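Fair warning: this is a prediction, and the values are worked out from it, not measured in the lab. Numbers restart at 1 for each chain; the letters A, B, ... are given by sequence-line order, proteins then strands. All values below were derived from every heavy atom in this structure, side-chain atoms included, with hydrogens, water molecules and symmetry-related copies excluded.
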2 protein chains.
Amino acid sequence: MDEDKTTRVTVRNITDLARLAGVSPGTVSRALAGKSLVNTKTREKIEALAREHGFRPNQMASGLRRQKTGVIGVVIPLGHDSRQQISDSFFMTLLGHLADELTREGYDLMLRRVVPEDDADWLDRFIGSGMIDGVIVIGQSDQFDRIEDVADGYGPMVVWGNHTEGQRHCVVGTDNRLGGRLAAERLIAAGATRLAFLGDTTAMEFAARFAGAQDIASRMGLPPIITLPTHLSPDRASEEIAQHLAARASQIDGIFAATDTLAALCLTELRACGIAVPGDMKLAGFDDLPIARQTVPPLTTVRQDIAAGARGLVDLLLRRLAGEKTESLVLPPQLVVRATT
Amino acid sequence: MDEDKTTRVTVRNITDLARLAGVSPGTVSRALAGKSLVNTKTREKIEALAREHGFRPNQMASGLRRQKTGVIGVVIPLGHDSRQQISDSFFMTLLGHLADELTREGYDLMLRRVVPEDDADWLDRFIGSGMIDGVIVIGQSDQFDRIEDVADGYGPMVVWGNHTEGQRHCVVGTDNRLGGRLAAERLIAAGATRLAFLGDTTAMEFAARFAGAQDIASRMGLPPIITLPTHLSPDRASEEIAQHLAARASQIDGIFAATDTLAALCLTELRACGIAVPGDMKLAGFDDLPIARQTVPPLTTVRQDIAAGARGLVDLLLRRLAGEKTESLVLPPQLVVRATT
DNA sequence: GTGAAAGCGCTAACAC
DNA sequence: GTGTTAGCGCTTTCAC
């Protein structure tokens, strides 16, 4: 008769299970958490029962009690440019790798996309929610100062972005300035002398890429690099690129695009204008996304090691979670020469 | 002297705040939750104090008590093909839109990528974690049956994928079979008579696309469409496509690729083989990702409306959360003719 | 090796 | 309109 009851019971919590197993809730908790001191037989019985009833401990309750959630927040601040940074391939790919790394370390990932101008409080709000043990910020956008402010009072935060001398938040990112130098050197080696930078230089990472390119232009005694600002969403960017080309193409013979996405768009517009690449115009991108291999001609670009970036972010975050004070991690960019230079 | 203390105090919870405000925890809770019956002055005082101390209520505790978390789980099952479906552009773009929609509805998003063959229990585990109010599954992968099993006992679940007559789980997706028909019709209209399907037909969505194309081939009295299976990761796919072309290119004059990503890769390989598109070979893709506009020549493809898909998923999920029993949503595909047919 | 009991921070009856 | 109280489901001393 006991069996009759047993099979019909729904197990909502650890106490129900304990009743079924004829032990106390504490023991069930210990058994299910894989804690040391539980009799093997007792443990097996409890595990069997749990499996049979498809029971798993409530993470919210566990989190509340233990004061840790097992969840890492990942937040993508969308700058001025807000919408449609959405599909920025680079960030999305980084996100995919982050998901893998965090999963492997036993953490869940809580994703938040925020528009800082609508919500000045975005970072504190996320951190203060009590839902996450730590936070990874993907991209500094135009929020450098806000992130700096938070860094003083909150340890478990790591940011993907650009490293600036003396900054207080822990950052992982490619050496953008060096990357910019590599790109410019290559463009010049391929014969370009009048360079342009394609992309919005208010974003720190892009500004550093531009600055690196300018370093080289200056050193070589070339005229200053002109900037061709664009938005990041493909639709607007295409249009803006077309306008830039119409106005400036005759003044330049080399373009350094802030990202491969922009470079690919630019290539399409150049083709539309009848400007030969690399004959009339050299072109270099940044990121080395899959698309860089598929453009016609294939794109010369500066590779960022996305997988290493994700590993770095997670590794540093875990160490900060453990109380360590970590330094920032700056990854080396790598020039990949293909056929547009 | 009271002020001296006040400014130094750290506010860890609602009780601390209550003490500072000279009210009870209950009142603070009501005030911060924007509940109806709180004196305006009391509320303002509490809000001011909360702001001053950067306090926000702990969501885990609130969630535990209210038996809802304000979090929606989004899970991406990685089929056989496991790794590197990572960066599948379509899923990533869909995820971006989902993040937007959920945020707009006041929900947070918990992201999980799972490898079903390593963890048969992936879906139950996620649902049973107590961390999420509902779940969106992105892609059925090869897990159709498992999802069906769960659907019977768990309401708040919506799946992106293919709709099959009589299925029990609520799905949102494009009419893949119709999309396949559109692609095949176009390839044939452009002069192709011997078609191939490029991609892995064990995935349901792809199988339906293939079936749609085959519908048309049969109706037109053409020979059966041959299948050219590939993996999804760009590296392996490129290689496989090259092999397929070496072996079969002479037998076919039209290729329907399961996705734009595959189509773009295929275009690159066709170029490498010296096969002219659309002269010697017609080509059509599926998805209408940004890359479809940037290939050379630009790709004829079948558009899926990703934003509408995301809206549909969230809308249906919210209604299910409210207890409604919703039907599946099948979205119409749209043929986009460019220059590869 | 196991049970009993206190509480993590919050909310929602129920009083008044 | 506000205070009081009893938990949400779990973990973890502290006993034994």
Side-chain angles (χ1 to χ4, degrees), chain A residues 9-47 49-50 53-71 106 108 125 127-133, chain B residues 9-47 49-50 53-71 106 108 125 127-133:
Chain A
V9 153
T10 41
V11 179
R12 313 213 146 287
N13 54 39
I14 229 170
T15 311
D16 290 351
L17 232 215
R19 198 166 13 244
L20 250 52
V23 297
S24 76
T27 302
V28 173
S29 173
R30 286 184 278 253
L32 261 28
K35 284 291 169 82
S36 41
L37 304 190
V38 183
N39 183 316
T40 314
K41 283 200 131 168
T42 318
R43 153 170 289 128
E44 279 165 3
K45 182 174 184 182
I46 292 173
E47 283 169 347
L49 244 19
H53 291 272
F55 171 79
R56 25 216 133 226
N58 182 312
Q59 303 249 83
M60 302 288 280
S62 161
L64 179 58
R65 173 64 231 236
R66 300 172 44 221
Q67 297 291 75
K68 42 166 38 188
T69 64
V71 179
D108 266 311
R125 193 204 296 295
I127 291 169
S129 70
M131 294 277 277
I132 58 178
D133 291 341
Chain B
V9 153
T10 41
V11 180
R12 312 212 147 287
N13 53 40
I14 230 171
T15 312
D16 291 350
L17 232 214
R19 198 163 17 241
L20 250 52
V23 297
S24 76
T27 302
V28 173
S29 173
R30 287 183 277 253
L32 261 28
K35 286 290 171 84
S36 41
L37 303 190
V38 183
N39 183 315
T40 314
K41 282 199 131 171
T42 318
R43 155 170 287 131
E44 281 165 1
K45 183 176 185 180
I46 292 173
E47 282 170 347
L49 244 19
H53 292 272
F55 171 79
R56 28 217 133 225
N58 182 314
Q59 302 250 83
M60 301 288 278
S62 162
L64 179 57
R65 175 62 233 242
R66 300 170 43 219
Q67 298 291 74
K68 43 167 35 191
T69 65
V71 180
D108 265 311
R125 193 202 295 296
I127 290 169
S129 71
M131 294 278 276
I132 58 177
D133 291 340

- [ ] State, with a plain yes or no, whether a side-chain heavy atom of Thr27(B) is found less than 4.5 Å away from one of Ile46(B).
- [x] yes
Task: Phosphate OP1/OP2 of dG9(C): any Asn58(B) side-chain N/O under 4.0 Å - done: no
Task: d(CE, Met60(A); C1', dG9(C)) in whole Å - done: 11 Å
Open item on the list: Any N or O donor-acceptor pair under 3.5 Å from the base of dG3(C) to the side chain of Arg30(A)?
Closed with: yes
Task: Gap between atom CG of Asn58(B) and atom CD1 of Ile14(B) - 0.5 Å precision - done: 10.0 Å
Open item on the list: For Met131(B), is there any backbone N or O sitting under 3.5 Å from a side-chain donor or acceptor partner on Thr69(B)?
Closed with: yes
Open item on the list: It should be established whether Ser62(B) places a side-chain nitrogen or oxygen under 4.0 Å from OP1 or OP2 of nucleotide dC10(C).
Closed with: no
Open item on the list: Just the rounded figure in Å: distance from P of dA4(C) to CD1 of Ile14(A).
Closed with: 15 Å
TODO: Anything under 4.0 Å to a heavy atom of chain B counts; send over the first and last such nucleotide of DNA chain D, read 5' to 3'.
DONE: dG1(D) to dG9(D)
- [ ] Report yes or no: does Thr15(A) contribute a side-chain atom to a donor-acceptor pair with the main-chain N or O of Pro25(A) at less than 3.5 Å?
- [x] no
Task: Nearest-nucleotide comparison on DNA chain D, the residue closer to the 5′ end among Asn39(B) and Ala61(A) - done: Asn39(B)
Open item on the list: So, taking the atom named CD in Gln67(B) and the one named CE in Met60(A), what distance separates them when rounded to the nearest 0.5 Å?
Closed with: 9.5 Å
Open item on the list: Once you apply a heavy-atom cut-off of 4.0 Å, does Arg12(B) come out as touching a base, just sugar-phosphate, or nothing?
Closed with: nothing
Task: Closest-nucleotide ordering on DNA chain D, the 5'-leading residue of Thr40(B) and Leu64(B) - done: Thr40(B)
Open item on the list: Testing the basics here: between Leu32(A) and Phe55(A), what is the closest heavy-atom pair and its distance to 0.1 Å?
Closed with: CD2-CE2, 3.9 Å
- [ ] Would you kindly give the CZ-to-P distance between Arg19(B) and dG9(C), to the nearest whole Å?
- [x] 12 Å
Task: Nearest to side-chain heavy atoms of Lys35(B), which nucleotide of dA12(C), dC10(C), dG1(C) - done: dA12(C)
Task: N or O in side chain of Thr15(B) less than 4.0 angstrom from dG9(C) OP1/OP2 - done: no
Task: Between P of dC10(C) and NZ of Lys68(B), the distance in whole Å - done: 18 Å
TODO: Kindly say if Thr27(A) contacts the phosphate of dT2(C), meaning a side-chain N or O under 4.0 Å from OP1 or OP2.
DONE: no
Open item on the list: Test your reading of the model: is there a side-chain donor-acceptor pair from Arg56(B) to the backbone of Gly130(A), 3.5 Å cut-off?
Closed with: no
Task: Short side-chain N/O contact to dG7(C) OP1/OP2 from Gln67(A), under 4.0 Å - done: no
